[in-house]
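So you know, we letter chains A, B, ... as the sequences are listed, proteins then strands, and number each from 1. In this text, all values refer to a predicted model and were calculated from it rather than measured experimentally.
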Number of protein chains: 2
Amino acid sequence: MASRRTYRLLCPIARALDRVGDRWTLLILRDLHAGPARFTELQQGLPGLASNLLTSRLRQLQDDGLVRHEPGQHGTQLYELTKEGDATAPLLYALGNYGSRFEPADDIRRPGNLRTIVVNLRESLRRVVVPEDDAHVELVVDGESFAVRIEGGGVTVRYQADPEAPASIAMDYEPLIDVVDGRMPPDRFMAEHVVVTGSQRAAMAYFAVVGRTLTAEG
Amino acid sequence: MASRRTYRLLCPIARALDRVGDRWTLLILRDLHAGPARFTELQQGLPGLASNLLTSRLRQLQDDGLVRHEPGQHGTQLYELTKEGDATAPLLYALGNYGSRFEPADDIRRPGNLRTIVVNLRESLRRVVVPEDDAHVELVVDGESFAVRIEGGGVTVRYQADPEAPASIAMDYEPLIDVVDGRMPPDRFMAEHVVVTGSQRAAMAYFAVVGRTLTAEG
DNA sequence: CGGGATCCGTTACGATACTG
DNA sequence: CAGTATCGTAACGGATCCCG
């Protein structure tokens with residue numbers, strides 16, 4: 001029983017799809033790149049995903065070694081990526097990069113959740129960062145905070161507030177997606193949709209790096 | 001009717017999956033990267049894919065602008081990638097790269113077909129080639145030929161014979177996958193599974209480039 | 001024979017309800 | 001909160017049939 005539907009082809013692409021090709025699976029992984037999450041958090045961020053399916057997908061991901069299930073702090077359960085699961089980052093980046101060439105349908109305004117930002121932003125920054133770059137800011141998107149640090153050629157993005165960051169950069173999700181997708185010019189985005197508080201210098205250091213991701217080839 | 005199942009999320013990853021996330025779709029695209037193909041060719045290379053599903057997938061891909069359908073030479077029909085479809089190459093490369101970390105099940109020996117080689121090989125080479133590289137060989141895998149040219153920093157791989165290539169390099173598919181996946185050391189692969197005919201120098205020029213793809217980070 | 005369309009049984013998905 | 005159970009619907013897979 002439960003003999004999963006697989007392609008059974010001797011091709012690396014087919015073998016990857018046997019692990020991550022089912023409906024919802026890549027979106028679950030996408031959200032887990034923002035850090036460990038509970039069952040209910042995942043479900044809330046993925047509207048339309050039934051609880052039984054989420055159970056099934058998480059079990060599959062655990063069987064394949066992409067996700068680990070650990071008891072959390074006070075009786076809670078947390079799902080988190082294993083090393084194998086974390087290695088899906090370049091794949092998700094390529095997917096997001098490809099998807100940005102298609103306009104969203106007019107009536108779609110739901111981010112689903114903001115965890116989606118982490119893997120895209122982190123991988124984008126990683127591809128343009130140089131060892132000399134140095135930035136530390138808090139990003140606030142639709143009121144939710146992300147801690148971004150760039151130093152020594154490395155990039156970390158966490159889905160959590162960062163009161164110690166010298167600058168805070170606030171924006172809404174929808175214009176952010178518009179500029180990432182290339183539908184809004186960066187200068188207009190900066191002028192109309194971004195609010196910086198705190199150190200302007202710190203914010204500029206961040207913008208210098210993130211600006212490179214926009215001009216870099218798709 | 002036909003109101004497709006979509007995620008309806010304002011996230012580039014979800015939008016990509018709305019186009020290429022259905023079962024078989026990415027494998028069909030994979031094969032089309034080797035060049036235009038007929039309905040039956042595609043079906044033969046994808047064991048288990050029913051003809052009605054292939055029809056449905058091809059129609060979807062056309063509606064989304066990834067595939068074009070043109071009357072071929074003598075009454076035949078050819079499906080080929082559009083520019084948007086061709087842009088899935090980095091995505092398929094990332095998938096293949098990720099899939100190579102999972103061992104195939106013991107009883108899987110079917111390549112499905114050899115078109116699968118083209119997009120993987122081409123994208124791998126493109127990532128390591130430098131303008132000084134210059135190579136021209138014919139690859140023969142399980143008896144089927146691929147023309148490989150590297151020059152001026154560009155790479156082309158075609159699924160066709162190339163009698164004018166100064167060197168021909170023959171191998172079987174299964175050991176090729178083993179070395180790509182990292183289960184077989186390259187030197188053993190070269191010693192036991194590769195047969196070069198023609199110019200040794202031309203073959204060496206190719207091996208110099210392809211060797212870099214194996215040591216390059218996954 | 002290539003290029004599908006039709007039919008039908010099986011599996012997967014999606015929504016809701018329910019439980020420890 | 002974190003799932004399990006149930007059930008109707010949609011998608012898939014295999015076979016057969018049709019048409020130029």
The helix from C/dC1-D/dG20 to C/dG20-D/dC1: angle between end helix axes, five pairs per end, rounded to 10 degrees: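 It comes to 30° between the two terminal axes.
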Contacts of type side-chain hydrogen bond (donor to acceptor under 3.5 Å, both in side chains), residue A/Asp18, not counting sequence neighbours: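 Checked A/Asp18 against side-chain hydrogen bond (donor to acceptor under 3.5 Å, both in side chains); zero matches.
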Counterpart residues, side-chain contact (heavy atoms from CB on, under 4.5 Å), relative to A/Ala105 (two or more places apart):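 Once residues adjacent in sequence are excluded, the partners of A/Ala105 under the side-chain contact (heavy atoms from CB on, under 4.5 Å) criterion are A/Asp107, A/Ile108.
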Only counting residues at least two apart or in another chain, list the ones meeting side-chain contact (heavy atoms from CB on, under 4.5 Å) with B/Glu123.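 Expected list: B/Ala89, B/Tyr93, B/Val119, B/Arg126, B/Arg127.
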Counting heavy atoms not belonging to A/Glu164, are there more than 12 under 6.0 Å from its CD?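 Check fails, neighbour count at 12 or below.
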Atom pairs under 3.5 Å, N or O on each side, protein against nucleotides 6-8 of chain C: can you list them with distances?
residue : atom : partner : partner atom : Å
C/dC7   : N4   : B/Asn52 : ND2          : 3.2

Excluding sequence neighbours, so at least two apart, what forms ring pair (Phe, Tyr, Trp, His ring centres under 6.0 Å) with [X]?
| X | value |
| --- | --- |
| A/Phe189 | none |
| B/Tyr173 | none |
| B/His69 | B/Tyr79 |

Which whole-number value in Å describes the distance from [X] [atom1] to [N] [atom2]?
| X | N | atom1 | atom2 | answer |
| --- | --- | --- | --- | --- |
| B/Leu49 | D/dC12 | CG | P | 10 Å |
| B/Leu54 | D/dA11 | CG | P | 17 Å |
| A/Arg59 | D/dG3 | CZ | P | 9 Å |
| B/Arg57 | C/dG3 | CZ | C1' | 18 Å |
| B/Leu46 | D/dC12 | CG | C1' | 14 Å |
| B/Gln77 | C/dC1 | CD | P | 19 Å |
| A/Tyr79 | D/dA2 | OH | C1' | 8 Å |

Heavy atom of residues 6-24 of chain B under 4.0 Å from DNA chain D: which residues?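 By residue number: B/Arg23, B/Trp24.
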Check salt bridge (Lys or Arg N to Asp or Glu O under 4.0 Å) between [X] and all other residues, then give those that pass, not counting sequence neighbours.
| X | result |
| --- | --- |
| A/Glu41 | none |
| A/Asp178 | A/Arg183 |
| A/Arg15 | B/Asp181 |

Roughly how far, to the nearest 0.5 Å, is the CG atom of A/Leu81 from the CG atom of A/Leu32?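 Here the interatomic distance stands at 5.0 Å.
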Would one find a side-chain N or O of B/Thr40 under 4.0 angstrom from OP1 or OP2 of C/dG3?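 The answer is yes; a side-chain N or O of B/Thr40 sits under 4.0 Å from OP1 or OP2.
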Minimum-distance nucleotide to A/Leu53 side chain [options: C/dG14, D/dT4, C/dG4]: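 Nearest nucleotide to the side chain: C/dG14.
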